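On a predicted model such as this, the values are computed, not experimentally measured, just so you know. Letters go in sequence order (proteins before strands), and every chain restarts at 1.
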Number of protein chains: 2
Amino acid sequence: MTSSERRPVPGGLVWFDEPAPPRATEQLSRERIVNAAVELADDQVTGEITMRALAARLGVRSPMALYRYVGSKDGLVDLMTDQVYGRITVPRGHGWRHALQGLGRTGWDAVQRHPWFARLAFSRPPMGPNALHLYDSALAELAPFGLDATTRMGFVKTVLGHVLGSGLALLEEQTMRARAGFHSDSDLEAAAAPYLERIAAAGKHPHFISWATDPQRLAPEPQSFEQVLEWLLDGLATLLPPEDRSPV
Amino acid sequence: MTSSERRPVPGGLVWFDEPAPPRATEQLSRERIVNAAVELADDQVTGEITMRALAARLGVRSPMALYRYVGSKDGLVDLMTDQVYGRITVPRGHGWRHALQGLGRTGWDAVQRHPWFARLAFSRPPMGPNALHLYDSALAELAPFGLDATTRMGFVKTVLGHVLGSGLALLEEQTMRARAGFHSDSDLEAAAAPYLERIAAAGKHPHFISWATDPQRLAPEPQSFEQVLEWLLDGLATLLPPEDRSPV
DNA sequence: ACCATGAGTGGACAACGTACACAGACTTCT
DNA sequence: AGAAGTCTGTGTACGTTGTCCACTCATGGT
């Protein structure tokens with residue numbers, strides 16, 4: 001029984017039968033914290049995390065322990081955001097359209113895996129190393145066409161805007177479903193029914209009702225992420241000199 | 001000196017020299033609260049409001065006074081959102097493209113006036129009467145073309161997604177500027193300079209640096225809201241039977 | 001003259017981010 | 001081996017947030 005097993009106790013007494021001090025968890029580190037934060041955000045439907053919950057997940061009793069590694073919650077959020085930026089890649093060397101297509105598709109993958117990323121990316125300036133690398137790669141593929149800097153950045157922002165906008169819509173749909181505990185489409189349908197009936201009874205908005213009561217309304221739309229991305233790329237292509245517009 | 005001027009005081013004593021009870025503010029009402037909330041959100045750069053701040057703005061001493069009219073903060077937020085939806089209009093009777101163009105442009109107007117609207121519209125399902133009317137009008141203009149319900153709704157969602165996505169980007173840019181108190185472009189430039197120099201010194205990301213240091217980088221982009229809207233409408237048009245695609 | 005109603009008050013609570021002082025273990029230098 | 005310093009996690013505490021609940025007080029109907 002070493003002295004390390006003795007813990008002071010409010011009354012001034014000492015516990016001798018305490019198990020060995022926890023220390024079960026390995027050392028904290030910025031990397032371990034960010035990874036846990038990402039996993040925690042993935043577990044929450046809303047993607048919102050709490051310093052206290054994160055500390056608990058890391059097996060640490062005090063939220064303040066994290067502040068030795070991250071400075072502030074906003075700082076941590078920046079790290080999480082940049083980590084996801086790191087999962088987005090820009091294929092190099094196959095032309096601007098292929099590059100932006102890859103940016104869009106891998107971005108969409110990342111956003112589907114971590115919907116909260118869309119919210120965070122929209123609410124803080126993207127200045128982490130991974131985001132920087134992403135922008136730089138995309139801009140590099142746009143360099144050869146004699147466009148001015150604003151226009152080049154506009155290409156990237158248009159694609160990323162579509163990615164993040166679609167991500168936010170996805171996030172909102174998921175949180176809406178979870179808000180009342182609906183997991184299947186039929187649950188959702190059942191819960192929405194009374195509202196729809198009242199609207200239908202009012203008689204205004206018949207076109208909306210005809211959509212809301214269409215059993216096919218949850219089928220995939222032709223305006224999929226990929227399709228809209230192609231439309232945007234088509235539009236962007238018109239800003240390039242004709243000989244540089246890649247074929248579809 | 002009427003009894004109404006006597007106010008109990010912790011010690012059990014009474015103030016006699018209090019002025020007449022305030023009652024300077026007129027009666028609360030749901031409408032007055034929502035209007036004040038919209039104005040308050042417009043005044044804050046982030047668009048975030050507080051029940052306490054809202055109560056103060058309405059000349060009311062306790063935030064709880066508002067709960068007699070709104071149920072919860074989320075409920076109030078829904079009312080604010082729907083109020084802004086009411087400022088978006090769909091021109092009727094001039095074809096689907098004109099209708100969606102109008103939806104996009106008035107939506108963009110509304111979002112520029114109330115950038116916080118984009119955040120709220122993305123974070124709660126749009127089910128207020130004004131939103132309902134908006135969807136119904138837009139869907140009505142899409143009714144004559146034999147599209148299925150999912151596709152019709154996809155048209156509207158594509159346009160609204162662009163509006164709200166652009167709005168969020170705008171909101172983020174404004175909050176970023178305000179976060180450190182920058183009001184002019186040169187302030188922003190001065191504050192960003194050290195970061196950029198460190199990135200430039202590192203030597204990676206030359207294409208990003210070449211954008212960040214371009215004095216023209218704040219000029220309006222060719223990928224403006226309206227231009228992207230046109231590209232999206234062009235894309236949507238390809239889903240229609242050829243004879244129904246309006247000319248630009 | 002009474003009393004029910006309804007508007008606004010104010011104190012309290014839980015959860016949040018985070019500041020601060022501290023305890024115990026580990027490292028380093030004698 | 002012992003002392004001194006450093007590094008890591010703890011505990012307490014504060015201010016802000018949304019919201020609950022018991023309360024006061026002016027008003028209007030009988």
Side-chain angles (χ1 to χ4, degrees), chain A residues 2-10 12 14-15 18-33 36-37 40-41 44 46-80 123-124, chain B residues 2-10 12 14-15 18-33 36-37 40-41 44 46-80 123-124:
Chain A
T2 75
S3 74
S4 74
E5 294 180 40
R6 305 188 182 169
R7 304 276 294 272
V9 139
V14 164
W15 291 114
E18 281 264 302
R23 182 52 88 196
T25 77
E26 79 183 285
Q27 258 246 84
L28 288 179
S29 71
R30 178 174 277 211
E31 193 190 347
R32 224 161 76 78
I33 291 176
L40 179 58
Q44 316 298 114
T46 68
E48 278 155 14
I49 68 170
T50 278
M51 295 307 271
R52 285 172 166 86
L54 180 55
R57 188 187 186 97
L58 285 159
V60 144
R61 238 184 302 275
S62 161
M64 291 315 289
L66 314 178
Y67 283 84
R68 212 172 280 280
Y69 302 89
V70 296
S72 72
K73 190 188 181 183
D74 281 358
L76 170 59
V77 156
D78 284 345
L79 294 172
M80 295 167 66
S123 64
R124 306 193 52 87
Chain B
T2 75
S3 74
S4 76
E5 295 181 39
R6 304 190 182 168
R7 305 276 292 271
V9 138
V14 164
W15 292 115
E18 282 265 299
R23 180 54 87 195
T25 76
E26 77 183 287
Q27 258 246 87
L28 288 179
S29 71
R30 178 175 277 212
E31 192 189 346
R32 225 160 74 78
I33 291 176
L40 180 58
Q44 316 298 113
T46 68
E48 277 155 14
I49 69 170
T50 277
M51 295 307 270
R52 285 170 167 85
L54 180 55
R57 188 187 186 98
L58 284 160
V60 141
R61 237 184 302 275
S62 160
M64 290 315 289
L66 314 178
Y67 282 85
R68 213 173 280 280
Y69 301 89
V70 295
S72 73
K73 190 188 181 185
D74 280 357
L76 170 59
V77 156
D78 284 344
L79 293 172
M80 296 168 66
S123 63
R124 306 193 50 87

Show me the side-chain donor-acceptor pairs of residues 69-80 of chain B shorter than 3.5 Å, one per line, residues at least two apart or across chains.
residue, atom, partner, partner atom, Å
B:S72, OG, B:D74, N, 3.4
B:S72, OG, B:G75, N, 3.1
B:K73, NZ, B:I49, O, 2.9
B:D74, OD2, B:R124, NH1, 3.3
B:D78, OD1, B:R124, NE, 2.4
B:D78, OD2, B:R124, NE, 3.4
B:D78, OD2, B:R124, NH2, 3.1

With a cut-off of 3.5 Å and sequence neighbours excluded, list every side-chain donor-acceptor pair involving residues 50-60 of chain A.
residue, atom, partner, partner atom, Å
A:R57, NH1, A:D43, OD2, 3.1
A:R57, NH2, A:E39, OE1, 3.4
A:R57, NH2, A:D43, OD2, 3.3

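Sparse packing is recorded around CD of A:E31, with 12 or fewer heavy atoms of other residues, nucleotides or ligands lying under 6.0 Å away.
For the pair B:M64 CE and D:dA22 P, the interatomic distance rounds to 12 Å; values are reported in whole Å. Protein atom CG of B:L58 is 10 Å distant from nucleotide atom P of C:dG8, rounded to whole Å. B:I33 has its CD1 atom 11 Å from the C1' atom of C:dG8, to the nearest Å. In this structure, B:L28 atom CG and C:dT9 atom C1' are separated by 12 Å, rounded to whole Å.
Closest contact between the side chain of A:P63 and the listed nucleotides D:dG9, D:dC21, C:dT18 involves C:dT18.
Taken from CG in A:L28 to CG in A:L66, the straight-line distance is 6.5 Å, to the nearest 0.5 Å.
At a cut-off of 3.5 angstrom, counting only N and O atoms as typed in the model, there is a donor on one side and an acceptor on the other between the side-chain of B:R68 and the base of C:dG8. Judged by distance alone, with hydrogens and angles left aside, B:S62 brings no side-chain donor or acceptor close enough to the base of C:dG8 to form a pair under 3.5 Å.
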(Q) For a quick check, with a 4.0 angstrom heavy-atom cut-off, what is the B/S/- contact string for nucleotides 13-18 of chain D, read 5' to 3'? (A) B---BB

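Dashed line: the shortest gap from a side-chain N or O of A:Q27 to OP1 or OP2 of D:dC7 is not under 4.0 Å. For D:dT10, the OP1/OP2 oxygens have a side-chain nitrogen or oxygen of A:R61 closer than 4.0 Å.
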